[in-house]
Amino acid sequence: MINKLYDTSLSLLTDLYQLTMAYGYYQSQTAEKEAVFNLYFRKHPFSSGFTVACGLNYVIGYLREYGLSKKDIRYLRTLTGNDGKPLFDADFLRYLAQLEFTCDIDAIPEGTVVFPNEPLLRIRGPILQCQLLETPLLNMVNFQSLIATKAARLRLAAKDDTILEFGLRRAQGVDGGMTASRAAYIGGCDATSNVLAGKLYGIPVKGTHAHSWVMSFPDELTSFETYARVLPNNVTFLVDTYDTLEGVRNAIRVGHTLRERGHTLAGIRLDSGDLAYLSIEARKLLDEAGFPNTGIVASNDLDEHIITSLKEQGAQINIWGVGTKLVTAYDQPALGGVYKLAAIREKNGEQTRWEYKMKLSEQAVKTSTPGIQQVRRYLDERGNFVSDMIYDEELQLTDAATMIDPLDFTRRRKFDAGQPYEDLLVPIFRQGKLVYQQPDIHQVRARVQQQLAGLHPGVKRFVNPHTYPVGLERQLHELKTALILKLRGQG
Ligand SMILES: Nc1ncnc2c1ncn2[C@@H]1O[C@H](COP(=O)(O)OP(=O)(O)OP(=O)(O)O)[C@@H](O)[C@H]1O
Ligand SMILES: O=P(O)(O)OC[C@H]1O[C@H](OP(=O)(O)OP(=O)(O)O)[C@H](O)[C@@H]1O
Ligand SMILES: O=C(O)c1cccnc1
């Protein structure tokens, strides 16, 4: 899908330092060393209690087409170092030209609610390949997860109302607009105004009309009459160009004509002023005139907090048009996902064994977790999510397990063998071959709502949400502690 937007190979969509490190691995004969990297984030965006995983579909599309083209190699040949000499030698460029993607990838499916420090993607394979993928995978997963989370929050605020995504004009460029429309639909929007997103992703497209339509006629009534004549099956009038409530009266006048011709006045749209007051007044006018089923759309810099407030004020709005603050993730424009090395397979004579790796940091939250990680989500008897435990697949895990709270090691939870669970990471690629049956976009969207239903309401509230419990399985915790002590020279 992503490759369709650009008439070029996207295999150079990476930071230069990935290529220089790849060159380093190649020249030091370690390029093929098996490694495991994890992609995870450390903090929810928007002070949210949850994040929605999104972007895997792009990752799959990217990796299926992976391979440097002749033009890519020609370009790399032109790169020079500080001394003006070529950065890469011819042997390395030949190696890159023949490079095929052969990694194993496991991932948490799109539409799953996820939490800090859980690997959303686990990449295992030759270290050179894993390294090259750091930047594109982060690029795809960070942004789409951010927007899907914002949209899921809008859905929580709007409850059963319709949400239309109107963001394309304010989005961060062409691809930002496209991926935002996709992620917004997955997160819970019902339709987009972005027609290319409709075509490429199968998202329903919807819209009203702009002020310019009204302004291009001598008066508002004529503009509404003309619109209704041409598009009688798509009538939602923007009523605030001159005077909002007068606009509603004009909409009602044309609504009667539409009705006589067998059509309906589907809606009116408010785009300025006090949306609570105006929607209540508009609702009264519409009801009194016999249009109780005509919808009221509101737009104008909306976000989940304004929608919540408008609902508390009794606003009579049942369709929310949301643009700028959704597609730009206005209050937090990036998710800080990272990609960290967790293990390398070392040779010891004929034997090989995993050597676990971790990054220490002055800040405890920035210390990475080593190991071949999997996430086990424990459920209660009704299928509600109880807690997530990160464990190491290489360590023997019996069905009964103890989870340690990473912020307070004295806090432990025991799960007995009968406790239902689901392991979240599923195989996506094996040896570079896709082994995953991809759900369609509508199934992913439905999954978000199923997942949100599994979360305690406290985790979903906007103000000081409850922290969903995520911990390390005891053996992994002990291994991590031992490794920290060793790296600090105290082990
Ligand atoms: N009753 C309300 N309660 C809370 N927020 C509201 C209410 N009515 C409108 N808003 C929000 O307040 C902000 C109003 O912004 P602003 O003052 O720029 O709009 P406006 O002057 O009415 O319209 P515009 O400048 O776009 O023509 C918008 O984000 C809007 O969604
Ligand atoms: O407010 P947003 O959430 O971004 O939603 C999209 C906005 O785009 C349109 O207005 P436009 O930007 O053309 O002009 P306006 O701001 O003057 O209404 C529309 O009328 C909305 O107000
Ligand atoms: O269809 C609409 O009403 C619309 C589309 C894009 C931006 N604002 C509004």
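Please read these numbers as outputs of a predicted model, since none were measured by experiment. One-based numbering, in listed order, for ligands and for the atoms of each.
In this structure, Arg170 counts as a contact residue of ligand 2, since one of its heavy atoms falls inside 4.0 Å of the ligand.
In this structure, a donor-acceptor pair under 3.5 Å is present between the side chains of Arg376 and Tyr391. Looking at Ser309 and Gln313, their side chains do bring a donor and an acceptor atom within 3.5 Å of each other. Asp190 and Thr162 share no donor-acceptor pair across their side chains, judged by distance under 3.5 Å alone. For the residue pair Gln316 and Ser279, no side-chain donor N or O sits within less than 3.5 Å of a side-chain acceptor on the partner. A donor and an acceptor atom, one from each side chain of Gln451 and Thr112, are nowhere located under 3.5 Å apart. In this model, a donor atom of one side chain and an acceptor atom of the other lie less than 3.5 Å apart for Ser299 and Asp271. Using modelled atom types and a 3.5 Å distance limit, the side chains of Glu220 and Asn250 yield a donor-acceptor pair. Neither side chain, Asp72 nor Ser11, offers a donor N or O lying under 3.5 Å from an acceptor on the other. Inspection of the Gln373 and Arg122 side chains reveals no N or O donor paired with an N or O acceptor under 3.5 Å.
Taking only non-hydrogen atoms, the option from His211, Arg169, His209 nearest to atom 10 (O) of ligand 2 is Arg169. Of the listed options Ile306, Val322, Asp240, Ile306 places a heavy atom closest to atom 10 (N) of ligand 1. Of the candidates Ala276, Ser272, Ser299, Ser272 brings a heavy atom nearest to atom 24 (P) of ligand 1.
Nearest protein heavy-atom neighbour of atom 3 (N) of ligand 1: Gln313 NE2, 3.0 Å. For atom 5 (O) of ligand 2, the nearest non-hydrogen atom of the protein is Gly323 N, 3.6 Å. Protein heavy atom in closest approach to atom 22 (O) of ligand 1: Gly273 N, 2.6 Å. For atom 26 (O) of ligand 1, the nearest non-hydrogen atom of the protein is Asn300 OD1, 3.3 Å. In this structure, the protein non-hydrogen atom closest to atom 8 (N) of ligand 3 is Phe166 CD1, 3.6 Å.
Those atoms of ligand 2 with a heavy atom of Thr324 less than 4.0 angstrom away are 2 (P), 3 (O), 4 (O). Taking every non-hydrogen atom of Asp301 and a distance limit under 4.0 Å, the qualifying atoms of ligand 2 come out as 1 (O), 2 (P), 3 (O). Against a heavy-atom cut-off of under 4.0 Å, Thr208 is close to the following atoms of ligand 3: 1 (O), 2 (C), 3 (O). Residue Asp301 approaches ligand 1 through these ligand atoms, each under 4.0 Å from one of its heavy atoms: 29 (O). The atoms of ligand 3 that sit less than 4.0 Å from any heavy atom of Gly207 are 1 (O). Short contacts between ligand 3 and Arg169, defined as distances under 4.0 Å to a heavy atom of the residue, involve ligand atoms 6 (C), 7 (C).
With a 4.0 Å heavy-atom cut-off, ligand 2 is reached by the side chain of Arg269 but not by its N, CA, C or O. The proximity of Asp271 to ligand 2, defined as any non-hydrogen pair under 4.0 Å, is limited to the side chain.
At least one protein heavy atom sits closer than 4.0 Å to atom 5 (N) of ligand 1. For atom 2 (P) of ligand 2, the protein comes within 4.0 Å by at least one heavy atom. Distance screen at 4.0 Å: atom 31 (O) of ligand 1 has a protein heavy-atom neighbour inside the cut-off. When distances from atom 8 (N) of ligand 1 to the protein are checked, a heavy atom turns up under 4.0 Å. For atom 12 (O) of ligand 1, no protein heavy-atom neighbour is found at a distance under 4.0 Å.
Exactly one residue among Asp243, Leu285, Leu221 makes a side chain to side chain contact (heavy atoms under 4.5 Å, CB included) with Arg249. That residue is Leu285.
Counting only heavy atoms from C-beta outward, the side chains of Ile268 and Leu286 approach each other to under 4.5 Å.
Residue contacts with ligand 1: Leu302 is placed with no nitrogen or oxygen under 3.5 Å of a nitrogen or oxygen of the ligand (distance criterion only). Distances between N or O atoms of Leu310 and those of ligand 1 include no value under 3.5 Å. Where the criterion is an N or O separation shorter than 3.5 Å, residue side chain and backbone included, Lys325 fails it with respect to ligand 1. Where the criterion is an N or O separation shorter than 3.5 Å, residue side chain and backbone included, Lys325 fails it with respect to ligand 2. At a 3.5 angstrom cut-off on N or O pairs, Phe166 does not count as close to ligand 2.
Open room surrounds OH on Tyr330; 12 or fewer heavy atoms of other groups in view lie less than 6.0 Å from it. Other residues, nucleotides and ligands contribute at most 12 non-hydrogen atoms within 6.0 Å of the NE2 atom of His456.
Within the 3.5 Å criterion, the main-chain N or O of Ser387 finds a donor-acceptor partner in the side chain of Tyr468.
Cation-pi geometry between Lys340 and Tyr40 is not met at under 6.0 angstrom from the ring centre and within 45 degrees of the axis.
The aromatic rings of Phe41 and His44 sit tilted relative to each other, their planes meeting at an angle between 30° and 60°.
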